[in-house]
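For this chain, numbers begin at 1 and follow the sequence in order.
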Amino acid sequence: MEVVIAPGPELGRIAADAIEALLRARPASVIGLATGSSPLAVYDELARRHADEGLSFAQAKAFMLDEYVGLPAEHPERYRNVIEKEIASRVDFAPGAVQGPDGLASDVIAACADYERAITDAGGVDLQILGIGTDGHVAFNEPGSSLASRTRIKTLTRQTREDNARFFGDDISQVPEHCLTQGLATIMSARHLVLLATGRGKAEAVHQLVEGPVSAMWPATVLQHHPHVTVLVDDAAASRLQLADYYRETYAAKPGWQHL
């Protein structure tokens, strides 16, 4: 696991560098997209590079991490619409290239199985963007989730609904109670995981992710078993890391030719 501690605006550039390198080397790559505030700087930088430098997504495919269950198709916080607004409409993904779990399916179990199959049929995810919740969840894999889980329906914790209420006019009653989410084993199948976290509110979750024991109580800790994880954090999110100075030293001494 590589930990990079840098100013917030720099984190988006570093993540975008990894995605651009992937697309330049393999234009038909598969990218995993996340919602929330953490990836916004990444999407802004990718959109800029598309507009100003010709970075193309035309041959790429993308898969979303999760989706609320039951939000109307036109709801602005439906994750399909959020991803369309934040990145898909700003670059040149081909029609149908961006897929997500079907939160309006009449048979959610079948929808989850179909989604797993679609990821497999695409050859798997090359690079997955991730955030982390204050309670250590990734995607919507809440504390207590099976570390071997696959795409499924989950009940959201009150903490997660409180955290997400800011997107629903600070009204927790408007936040759905259920979601469809890629499981932890699904996420771990991606070839490169890039997790971003900023702010002191994420400090304990980041500490557990990087330096704590692997436990279902902190679902993100399963990432310690992945062979290629990059954790991008600002100083505030890194404030609980016991080895923060070491992470800074190793990144500063990293050879220029070595990519994330």
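Once rounded to the nearest 0.5 Å, the distance linking CG of Leu193 with OG1 of Thr230 reads 8.5 Å. Here CD1 of Ile31 is found 8.5 Å from CD1 of Ile87. Values are rounded to the nearest 0.5 Å. Taking CD of Gln128 as the reference point, atom CE of Met188 lies at 12.5 Å (rounded to 0.5 Å). In this structure, Asp135 CG and Lys202 NZ are separated by 10.0 Å, a value rounded to the nearest 0.5 Å. If you take OH on Tyr247 and CG on Leu241, they are separated by 6.0 Å, rounding to the nearest 0.5 Å. To the nearest 0.5 Å, atom CZ of residue Arg166 and atom CG of residue Asp171 are 15.0 Å apart.
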Quiz item: When you look at Lys254 and Glu2, which way does the side chain to side chain contact (heavy atoms under 4.5 Å, CB included) test go after all the steps?
Solution: CA-CA 11 Å; Lys254 188 175 182 176; Glu2 179 179 23; 2.8 Å; yes

Exercise. Please lay out, stage by stage, how Val231 and Met1 fare under the test side chain to side chain contact (heavy atoms under 4.5 Å, CB included).
Key: CA-CA 7 Å; Val231 177; Met1 179 179 288; 3.9 Å; yes

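Taking the six-membered ring for Trp and thresholds of 30 and 60 degrees, Tyr79 and Tyr68 have ring planes inclined between 30 and 60 degrees apart. His192 and His228 have parallel rings, their planes meeting at less than 30° on a 0 to 90° scale where 60° marks the start of perpendicular.
Of all the heavy atoms in Ala105 and Val108, the pair that sits closest is O-CG1, 3.7 Å. Minimum heavy-atom separation, Leu23 to Ser56: CD1-O, 3.9 Å. What you find for Trp218 and Ala205 is that their closest heavy atoms are CZ3-CA, 3.7 Å. Of all heavy-atom pairs between Leu147 and Val214, the closest is CD1-CG1, 3.9 Å. Taking every heavy atom of both residues into account, Pro76 and Val82 meet most closely at O-CG2, 3.4 Å. Residues Ala122 and Val30 share a closest heavy-atom pair of O-CG2, 3.7 Å.
Formation of a donor-acceptor pair under 3.5 Å by the Asn81 side chain with backbone atoms of His75 is found in this model. With Glu211 contributing its side chain and Gln242 its backbone, the two residues share a donor-acceptor pair below 3.5 Å. No donor-acceptor pair closer than 3.5 Å links the side chain of Ser149 to the backbone N or O of Gly183. Between the side chain of Gln224 and the backbone N or O of Leu209 there is at least one donor-acceptor pair closer than 3.5 Å. Judged purely by atom type and a 3.5 angstrom limit, Glu142 has no side-chain atom pairing as donor or acceptor with the backbone of Leu156. Using modelled atom types, one side-chain atom of Asn141 and one backbone atom of Gln182 make a donor-acceptor pair closer than 3.5 Å. Arg90 contributes no side-chain N or O that, together with a main-chain N or O of Ala47, makes up a donor-acceptor pair within less than 3.5 Å. Not a single donor-acceptor pair under 3.5 Å links the side chain of Tyr251 to the backbone N or O of Tyr246. In terms of modelled atom types and a separation under 3.5 Å, the side chain of Thr198 and the main chain of Asp234 share no donor-acceptor contact.
Contact of the Asn164 side chain with the Phe140 side chain is registered, since non-hydrogen atoms from C-beta on lie closer than 4.5 Å. Annotation: side chain of Val69 is not in contact with side chain of Pro176 (no heavy-atom distance under 4.5 Å).
Note on Ile83 and Phe168: same hydrophobic cluster, where clusters join Ile, Leu, Val, Met, Phe, Trp and Tyr whose side-chain heavy atoms are under 4.5 Å apart, directly or indirectly. Clustering ILVMFWY residues whenever any of their side-chain heavy atoms sit less than 4.5 angstrom apart, transitively, puts Val91 in the very cluster that holds Phe63. Two different hydrophobic clusters hold Leu33 and Val229 under the rule that ILVMFWY side chains link at heavy-atom gaps under 4.5 Å. Taking hydrophobic clusters as Ile, Leu, Val, Met, Phe, Trp and Tyr residues chained together by side-chain heavy-atom distances below 4.5 Å, Val42 does not share a cluster with Ile132. Note: the hydrophobic cluster containing Leu71 does not contain Leu180 (ILVMFWY, side chain heavy atoms under 4.5 Å, direct or indirect links).
Remark: the Thr151 side chain and the Glu116 side chain contain an N/O donor-acceptor pair separated by less than 3.5 Å. For the residue pair Thr157/Thr160, the side-chain donor-acceptor check at 3.5 Å is satisfied. In summary, the side chains of Arg200 and Ser239 do present a donor paired with an acceptor at a separation below 3.5 Å, with no hydrogens or angles considered.
Between Arg80 and Glu67, no side-chain nitrogen of the basic residue sits less than 4.0 Å from a carboxylate oxygen of the acidic one, so the salt-bridge criterion is not met. In summary, Arg48 and Glu53 engage in a salt bridge, as defined by a charged side-chain N under 4.0 Å from a carboxylate O. Salt bridge status for Arg13 with Asp17: present, with a side-chain N to carboxylate O gap under 4.0 Å. Look at Asp66 and Lys154 and you find no salt bridge, because none of the NZ, NE, NH1 or NH2 atoms lies under 4.0 Å from a carboxylate O. Between Arg248 and Asp235 there is a salt bridge, since at least one side-chain N of the basic residue sits less than 4.0 Å from a carboxylate O of the acidic one.
Leu65 pairs with exactly one of Thr35, Leu130, Thr181 by the side-chain contact (heavy atoms from CB on, under 4.5 Å) rule, that one being Leu130. Paired with Leu195 under the rule side-chain contact (heavy atoms from CB on, under 4.5 Å), one option of Val3, Val233, Ile129, Val138 passes, and it is Val138. Put simply, the residue from Ser145, Ser146, Pro101 that forms a side-chain contact (heavy atoms from CB on, under 4.5 Å) with Arg152 is Ser145. Checked against Arg117 for a side-chain contact (heavy atoms from CB on, under 4.5 Å), the options Ile119, Thr120, Asp114 give a single hit: Asp114.
In this structure, the ring of His50 has its center no less than 6.0 angstrom from the ring center of Phe93.
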